[in-house]
Structures are given as C-alpha cells and as structure tokens.
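Take a look at the structure below.
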Protein chains: 2
Amino acid sequence: MKTLYHPKTEDIELANVLYALGDQTRLQIVKNMANRELSCSEVGLDKLKSTLSYHYKMLREAGIIRTRIEGTQRFMSLRRDDLNSRFPGFMDTILVSLTKTEELVTSEK
Amino acid sequence: MKTLYHPKTEDIELANVLYALGDQTRLQIVKNMANRELSCSEVGLDKLKSTLSYHYKMLREAGIIRTRIEGTQRFMSLRRDDLNSRFPGFMDTILVSLTKTEELVTSEK
DNA sequence: TCAATAGTTCAATATATATTGAACTATTGA
DNA sequence: TCAATAGTTCAATATATATTGAACTATTGA
C-alpha cells in the first residue's frame, strides 16, 4: 500500500499555505471541500484528471488537505483542525469569505 | 501629482490577496509593515529597489497596502481596516501567525 | 537652476508554474 | 485471471513570475 506524504501539523508553513491557496483552481477545490470529504472526481471542476492531481498534490504537500486511500479511490478532506491549531482562525476566515462570495454569486442569478 | 491605483475596499478579491501573500518577500514586507507605516527603503529587506518596487506594486494592486506620496518618498501601510471589513479576521490571523514565527526564530538564537 | 534623493519603469533573462495527453500503477469484482 | 475503474506520473510546452541593472521621473533644497 502506497503512503502519501502529509506534513506534520507543526511543519505546516504559513507561506506554503498562502502560496497554495493563491490559485483560483486550488481555492475552488478548497471551497468545494469545505464541508465534506470528496473523491478526486467529485470535486466538480472542469479540468483534466492529471491537472487536478497536480493541484491535489500541492494542497496536500502544503498541509491543507488530507488524502485517504480506499480501494481505487482517494478521498480528500480539509485539515481544518490541524490548520486551526497551527494558525488559529485563519482557515475559518477564508472559508467564511469564500462562502460569502458564493452567496453573492448565487443571489446575482 | 501622480496618483497610484488602489482597489476600492469592495473590489479587493480574496484570491488576489492570497496570491500576493504567497511569496516570501511580500510576506516579509507585510510582516515588517504590520505595526507602522514604512517608506520604501525602511522595509529592511536585502533586495534591489527595483525588485522591492515590483513587490510593492503587487501588494498595492491586490489591496493589501496603501501608498502615500510625500515629497520624494512613498510611505506604505497595511490596509488593515479595509481588509478586516472585507474579510473579517483574516489579516489579523495572518499577522498573529507571522508574529509567532518571529518569536520562535528569535528564541532560537 | 541644478544636483541630490527616492523611487519607478523598462527590456532582458532565468526560473517556476499550470496544462496537456499518453503511459503508467493499484485495486476491485466478475 | 483479467478487464474496468480511479487516479498518478512523466515529458513537453506555453505562460507567468521574480530579479537585474540601466534609464527614467518627480520632488526637494541650496
């Protein structure tokens, strides 16, 4: 069984986290993953599997998401608690801001 | 008198802010600017003026800092209140995390 | 008026990044 | 055993980014 690298909570670096979040595609992934674990193909972005795989890896290596292997699938979730203990409040403020944007977009329709 | 572009508070985009913060040099600038207005040359980074100028522009256009012209100097400060009203708590959590890191580094010496 | 000061802009450049599609790996279930 | 499924890895590529140093702009103060 293959094991995937995940940085330890105390090794998560703010600069890396900010860098990883500073991309529209990855920000969208995080947004869609805010409330539930997703498999790679459930993320709902119109990108090639190989492109998504690249972004998942960036998010995972920055310490933002955790990937769990189950059969042929991989389930990914936000490391919300880890991020919260390392950078208190940080990810929550981002998720709130992302959610607000979504509401605005929705109400514009 | 030249006027510099600054996005309006409501036009500040989280993705742009995150992108701008996802660089070591710019993160350092923000850190050093956390508590007081600085002129371009006071920022204390070992970089060429033209390099710093480039990063200041990125930070300014992302809505993170405000640049005030006074004589031949330019004074820059964090748009803390604007960022706080747009993304409540976000910048504060970053500054807290940056400050903590500084303490760790200091205590290592 | 003019030199000094403070910072910006520009073109050139090396490097990093995101994307693509093909080949690959690992696991399941028949 | 083997085809199907789910996702990764790889090389190639186009584009974006950070850095450099020279030329430039704007302002001050003598």
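Note on naming: letters A, B, ... go to the chains in the order of the sequence lines (proteins, then strands), and numbering restarts at 1 for each one.
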Applying side-chain hydrogen bond (donor to acceptor under 3.5 Å, both in side chains), name anything that partners B/Q24, two or more places apart in sequence or on another chain. none
Using a side-chain heavy atom cutoff under 4.5 Å and only I, L, V, M, F, W and Y, what cluster partners does A/F75 have? none
Quick one, give me the B/S/- string for nucleotides 9-16 of chain C, reading 5' to 3', where B means a protein heavy atom under 4.0 Å from the base and S means that only happens at the primed atoms, P, OP1 or OP2. B-------
Restricting to non-hydrogen atoms, name the atom on A/I12 and the atom on A/P7 that form the minimum distance, rounded to 0.1 Å. CG1-CG, 4.3 Å
By side-chain hydrogen bond (donor to acceptor under 3.5 Å, both in side chains), which residues pair with B/S85, not counting sequence neighbours? none
Can you check the B/I69 CD1 to D/dT25 P distance for me, whole Å? 16 Å
Inter- and intrachain pairs under salt bridge (Lys or Arg N to Asp or Glu O under 4.0 Å), touching residues 59-69 of chain B, at least two apart: B/E37-B/R68, B/R66-B/D82, B/R68-B/E70
Nearest-Å distance for atom pair CZ/P, residues A/R68 and D/dG7: 12 Å
Rounded to the Å, how far apart are B/L48 CG and D/dA18 C1'? 11 Å
Report the distance from atom NE2 of B/H55 to atom CG of B/D23, rounding to the nearest 0.5 Å. 5.0 Å
In the hydrophobic clustering (ILVMFWY, side-chain contacts below 4.5 Å, transitive), which residues join A/Y19, or is it alone? A/Y54, A/M58
Please give, in whole Å, the distance from D/dT17 P to B/E61 CD? 12 Å
Round to the nearest Å and state the distance from A/D23 atom CG to C/dA18 atom C1'. 8 Å
Starting at CG of A/L59 and ending at P of C/dA18, how long is that distance when rounded to a whole Å? 10 Å
Look at all strands and tell whether B/M58 reaches a base, only sugar-phosphate, or nothing, counting heavy atoms closer than 4.0 Å. sugar-phosphate
From C/dG7, C/dA18, D/dA18, pick the nucleotide closest to the side chain of B/R26? D/dA18
Once Watson-Crick and G-U wobble pairs under 3.5 Å are found, how is DNA chain C written in dot-bracket notation, 5' to 3', with | for any base paired to another strand? ||||||||||||||||||||||||||||||
Which pairs with one or both residues in residues 87-99 of chain A pass salt bridge (Lys or Arg N to Asp or Glu O under 4.0 Å), sequence neighbours excluded? A/R80-A/D92
From CD of B/Q24 over to C1' of D/dA18, roughly how many Å is that when rounded to an integer? 14 Å
Output one line per pair: protein atom, nucleotide atom from nucleotides 28-30 of chain C, and distance, for all N/O pairs under 3.5 Å.
none

Whole angstrom is fine here: how far is it from OH in B/Y56 over to P in C/dT8? 8 Å
Once ring pair (Phe, Tyr, Trp, His ring centres under 6.0 Å) is applied, do any residues pair with B/F90, and if so which ones, sequence neighbours excluded? A/F90
Name all residues meeting the side-chain contact (heavy atoms from CB on, under 4.5 Å) criterion together with B/S50; count only those two or more places apart in sequence or in a different chain, and write none if there are none. B/L48
Stretch residues 32-47 of chain B: residues that reach within less than 4.0 Å of DNA chain C through a heavy atom: B/S39, B/C40, B/S41
